[in-house]
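The block underneath contains the structure these notes are about, expressed in structure tokens.
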Amino acid sequence: MFHLYGLLIGLGVVAGIAVATLQAKHFKVNSKLIDESLLWIVIPAIVGARLYHVITDWQLYAYGPLIDTLKVWNGGLGYFGALIGGLLGLIAFAYTKGKKNPTEKFFLLVDLLSLGAPLAQAIGRFGNYFNRELYGVTTDLPWGILVNGQRYHPLFAYEAIANLCVFIFINWLGLKKKLHIGKGQYACIYLACYGLIRFWLEFLRIDTARWSGALGIFSIAQWVAIGITLASIIVFWLRRHSDRGIQWELKTFL
């Protein structure tokens with residue numbers, strides 16, 4: 001069966017890789033490095049995206065057949081899971097294939113891929129429209145998405161537009177070479193921006209997964225977004241002011 005959801009996810013990935021490749025040429029980096037790392041990144045990203053969704057939305061699968069947890073074409077790919085899985089795959093690639101300076105290889109690749117990632121996200125998010133998912137609370141606004149006769153905030157569109165803004169901004173930085181490629185700073189800007197975007201949009205989500213108790217003040221996704229944003233700011237500062245410190249930290253914990 002033909003699924004527009006999967007097609008748009010695929011188109012997003014292709015577009016993101018194309019941008020990363022063009023930026024590699026702009027920075028005079030061998031773009032073959034991107035091609036070599038793709039399988040190491042894409043497969044863990046898909047697995048991570050599905051695992052994150054199934055874990056945080058287990059109530060959707062608890063009483064159905066187990067096989068439903070594998071049906072990614074019906075929707076249900078958590079971006080934070082994709083991010084974690086992709087980063088783990090990239091770390092494995094850098095430290096398996098990068099016999100010389102694996103840490104530098106990791107930061108170079110994560111910078112290049114981050115220049116294309118927000119475009120990939122923006123395209124992929126429109127797959128949520130065709131699956132009739134990722135919409136928010138009810139609204140009277142004229143651009144609300146119509147579901148069963150009621151209008152809802154089109155969160156997928158809000159996120160896509162915000163990601164396009166991030167894409168334009170960080171690629172402007174890249175084209176002007178405002179930051180050094182390979183220090184992880186482009187990646188940190190992208191991740192911090194996305195964390196903020198996701199944190200605020202979660203306030204419009206319907207029945208988003210939460211922990212119990214005091215932690216339930218925010219959704220699980222919001223806590224993850226806060227963690228990613230703070231971590232990105234810290235790493236940005238460390239990479240900008242002390243390369244040796246962050247390299248030592250990575251080699252210690254990976």
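Computation of the quantities below employed the complete heavy-atom set of this structure, encompassing side-chain atoms and omitting hydrogens, waters and symmetry-equivalent molecules.
- When all heavy atoms are compared, the tightest approach of Phe236 to Cys188 is N-SG, 3.6 Å.
- For the atom pair CH2 (Trp223) and CZ (Phe199), the distance works out to 8.0 Å, reported to the nearest 0.5 Å.
- Checked by atom type and distance alone, the side chain of Arg239 pairs as donor or acceptor with a backbone atom of Lys183 at under 3.5 Å.
- The two residues Leu175 and His26 make their nearest non-hydrogen contact at O-NE2, 3.2 Å.
- Through side-chain heavy atoms spaced under 4.5 Å, either directly or across other Ile, Leu, Val, Met, Phe, Trp or Tyr residues, Leu196 is tied to no other residue.
- Interatomic distance, CD1 of Ile17 versus CG of Leu119, reported as 11.5 Å (0.5 Å rounding).
- Looking at Tyr158 and Trp143, their side chains do bring a donor and an acceptor atom within 3.5 Å of each other.
- Across all their heavy atoms, Phe27 and Leu179 have their closest contact at CE2-O, 4.3 Å.
- Annotation for Ile217: atom CD1 does not count as buried by contact number, only 12 or fewer foreign heavy atoms lying within 6.0 Å.
- Within the cation-pi definition used here (under 6.0 Å to the ring centroid, within 45° of the axis), Arg198 does not qualify as a partner of Tyr79.
- Here the CD-CG distance, from Gln185 to Leu238, works out to 11.0 Å after rounding to the nearest 0.5 Å.
- Other residues, nucleotides and ligands place no more than 12 heavy atoms under 6.0 Å from the CG atom of Leu39.
- Here the side chains of Ile228 and Phe80 are in contact, with some heavy-atom distance below 4.5 Å.
- A donor-acceptor pair under 3.5 Å is absent between the side-chain atoms of Thr96 and the main chain of Phe93, judged by distance alone.
- The local environment of NZ in Lys177 is crowded, with over 12 non-hydrogen atoms from other residues, nucleotides or ligands closer than 6.0 Å.
- Nearest heavy-atom pair across Glu202 and Ser219 is OE1-OG, 2.9 Å.
- Residues Leu22 and Val166 do not share a hydrophobic cluster, defined by chaining ILVMFWY side chains whose heavy atoms lie under 4.5 Å apart.
- Val42 and Ile84 sit in two unconnected hydrophobic clusters of ILVMFWY residues. Membership requires side-chain heavy atoms under 4.5 Å apart, directly or through other members.
- From Phe156, atom CZ reaches atom CD1 of Ile161 across 9.5 Å, with rounding to the nearest 0.5 Å.
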Does the side-chain contact (heavy atoms from CB on, under 4.5 Å) test come out yes or no for Leu141 and His153, once each step is laid out?
CA-CA 8 Å; Leu141 295 172; His153 281 286; 3.7 Å; yes
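- Contact between Ile206 and Gly136 at its shortest, heavy atoms only, is CD1-O, 2.8 Å.
- Residues satisfying the ring pair (Phe, Tyr, Trp, His ring centres under 6.0 Å) test with Tyr135, not counting sequence neighbours, are Tyr152.
- Leu173 is not connected to Ile233 by any chain of hydrophobic side-chain contacts under 4.5 Å among Ile, Leu, Val, Met, Phe, Trp and Tyr, and they are in different clusters.
- For the residue pair Thr103 / Tyr95, a side-chain donor-acceptor distance below 3.5 Å is found, with atom types taken as modelled.
- Side-chain contact check for Leu115 versus Tyr190: every heavy-atom pair is 4.5 Å or farther apart.
- In this structure, Phe169 and Trp172 have parallel ring planes: the angle between them is below the 30° cut-off, well short of the 60° mark.
- The two atoms that bring Phe107 and Gly182 nearest to each other are CB-O, 3.2 Å, heavy atoms only.
- In this structure, CG on Leu33 lies 6.0 Å from CG on Leu108, to the nearest 0.5 angstrom.
- Note: the hydrophobic cluster containing Leu164 also contains Ile170 (ILVMFWY, side chain heavy atoms under 4.5 Å, direct or indirect links).
- Residues Ile41 and Leu109 fail the side-chain proximity criterion, which asks for heavy atoms closer than 4.5 Å.
- Taken from OH in Tyr186 to CG in Asn171, the straight-line distance is 9.0 Å, to the nearest 0.5 Å.
- Each of Val14 and Phe167 belongs to its own hydrophobic cluster when Ile, Leu, Val, Met, Phe, Trp and Tyr are linked at side-chain heavy-atom distances under 4.5 angstrom.
- Taking 4.5 Å as the limit, every side-chain heavy atom of Gln150 sits out of range of all side-chain heavy atoms of Asn148.
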